[in-house]
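Each remark here refers to the structure printed beneath this line.
Everything quoted here is computed from the prediction, not taken from an experiment.
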Amino acid sequence: KEALLLLSQAGIVHICCHSSGQTQPLGAEKNEKKFKVFFFDIGLAQRMLGLALDKWLLNPMQLKTLGSMAEQLVAQELIAYTNIKSAQDLYYWHREAKSSNAELDFLVTKDADIIPVEVKSGATGSMRSMQLFLESHPNSPHGLKISEGLFAVHNNIQEIPLYGLEAWLLHK
């Protein structure tokens, strides 16, 4: 625990805590016992995993870690495009029910709304967790799906490609 705290204070890792996502600020309802850890740089994380990028660029391979790398990229972007005068806290949501587990990769606040964020490494994927969250959280009028897909809106879920996150974060 102490080592993780030191790595966080040094900026080497970012801790993403669970929040119930019912009210703002999200940190008021965080559970520090439930968390995910993100490395500070996706390129260095891939290198530490032993990924030889020069071979991968010439002969793309299917990576089992592609989903976690997409989530890592989004975490970095969420941190990068925030107010530099205050530390950016990351939050996620999950529900542990006997018959149904659900998890959303991130919770962010934008324009006084709590926005659930789901990151997909491909263009397709189930959005069941997002629907469960939106049904039970009245302060969240819509969700955000970030993937390899195109810009789109489906019901109350906005879809953006990975490269569009900066514009979404900066757009008021």
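Sorted by first then second residue, the side chain to side chain donor-acceptor pair (under 3.5 Å) pairs that include residues 154-163, not counting sequence neighbours, are H154-E159, Q158-W168.
Interatomic distance, W93 CH2 to L107 CG, rounded to the nearest 0.5 Å: 8.5 Å. Atom CD of Q24 and atom CG of L26 lie 6.0 Å apart (nearest 0.5 Å). The distance from the CG atom of L134 to the OG atom of S129 is 11.0 Å, given to the nearest 0.5 Å. Between the CD atom in E77 and the CD1 atom in I42 there is a gap of 9.5 Å [rounded to 0.5 Å]. Going from atom CG of L165 over to atom CD of Q76 covers 11.5 Å, rounded to the nearest 0.5 Å.
Summarising the local packing, CZ of F35 is surrounded by 12 or fewer heavy atoms from other residues, nucleotides or ligands at distances under 6.0 Å. For R128, the CZ atom sits in a loose shell: 12 or fewer heavy atoms of surrounding residues, nucleotides or ligands are nearer than 6.0 Å. In this structure, Q9 places its CD atom where more than 12 heavy-atom neighbours from other residues, nucleotides or ligands lie under 6.0 Å away.
At least one side-chain heavy atom of M130 sits less than 4.5 Å from a side-chain heavy atom of L104. Contact check for L162 versus L73: side-chain heavy atoms found under the 4.5 Å cut-off.
A donor-acceptor contact shorter than 3.5 Å is absent between the side chain of D113 and the backbone of S140.
Under a cutoff of 6.0 Å and an axis angle of 45°, K30 and Y91 do not form a cation-pi pair.
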- Item | Worked verdict on H94 versus N101 for side-chain contact (heavy atoms from CB on, under 4.5 Å) | CA-CA 7 Å; H94 75 262; N101 286 338; over 6 Å; no

- Message: Between E71 and K36, does the salt bridge (charged side-chain N to carboxylate O under 4.0 Å, His left out) criterion hold? Intermediate values first, please.
- Response: CA-CA 11 Å; E71 195 174 336; K36 302 188 287 186; 2.6 Å; yes

- Working for ring pair (Phe, Tyr, Trp, His ring centres under 6.0 Å), residues F38 and F106: CA-CA 12 Å; F38 293 100; F106 299 100; 5.6 Å; yes

